[in-house]
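Here's the structure, in structure tokens; my notes come after.
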Amino acid sequence: MEQEKENSADQVEEIQPESSSKRNPNPKSVHIKTPEVEVRLYRRGRGPVEVFKSRLGGWDQNQLEVGDILEKCGLKSLYAFNPEEGTRGVSIRFNAKNGRSMLPYTDGAVVYIDGEPKDSMVMPVTKVLVAVTLLTLLIAIFLKETPDWLSTSKLSNLNFPPWVLACIVIAFTRLRKRTKDVLKKFGW
């Protein structure tokens, strides 16, 4: 009986599929072509800096993935662009939750986009440092002697270095500019 099992196991041959057949080995998987658009990206009207394919998303597969483009290219906003005139159009609006465009696009379309690069932190920090330095120098030069009205006031006991005063002034003005809308919202 054991010999019969061995003989029957030897008789089973594995049939190899032909190499010329291009059938899918997994019949349950389906390959669906994702709709794509060709994006020609300009930066501040110069370019095209980058040309790439971007897939369309959403329920109907017709919304541009604006959030992905912003993140990938280091931009803070996108605008429609007319390359013939070299002019920037309206801002491309997108949903903040999912990063997809509000307007639909067709599969295979060529989209011309102008992007505004993100601001680097070097410029604001440099401006603040230069302003602190200039204010410190001005205060140190012009206030060698304390004015009479300041020496008779209660503030004469406080001895602040000029650079601390300059930092306080700059910090106050920057915070006031940024929180102006917040204060209006709460009724101040």
For Lys76, the salt bridge (Lys or Arg N to Asp or Glu O under 4.0 Å) test, sequence neighbours excluded, returns Asp119
For residues 38-60, the side chain to side chain donor-acceptor pair (under 3.5 Å) pairs (sequence neighbours left out) are Glu38-Arg40, Arg44-Glu116
Taken in chain and number order and not counting sequence neighbours, the residues that satisfy side chain to side chain contact (heavy atoms under 4.5 Å, CB included) with Ala109 are Val37, Thr106
Residues at least two apart in sequence or cross-chain that pass ring pair (Phe, Tyr, Trp, His ring centres under 6.0 Å) with Tyr105, listed by chain then number, are none
With sequence neighbours left out, the residues meeting side chain to side chain contact (heavy atoms under 4.5 Å, CB included) with Glu85 are Asn82, Thr87
Side chain to side chain donor-acceptor pair (under 3.5 Å) filter on Gln63, not counting sequence neighbours, yields none
Throw together a table of side-chain donor-acceptor distances under 3.5 angstrom for residues 67-74, partners on residues two or more places apart or in other chains.
none

Residues Ile113 and Leu64: closest non-hydrogen pair is CD1-CD2, 4.0 Å
Apart from Val51 itself, members of its ILVMFWY cluster (side-chain separation under 4.5 Å) are none
Under a side-chain separation threshold of 4.5 Å, the hydrophobic residues clustered together with Met102 are none
Using a 4.5 Å side-chain heavy-atom cut-off and chaining through intermediate ILVMFWY residues, the residues clustered with Leu103 come out as none
Residues pairing under side chain to side chain donor-acceptor pair (under 3.5 Å) where one sits in residues 90-104, two or more places apart or in two chains, turn out to be Glu65-Arg100
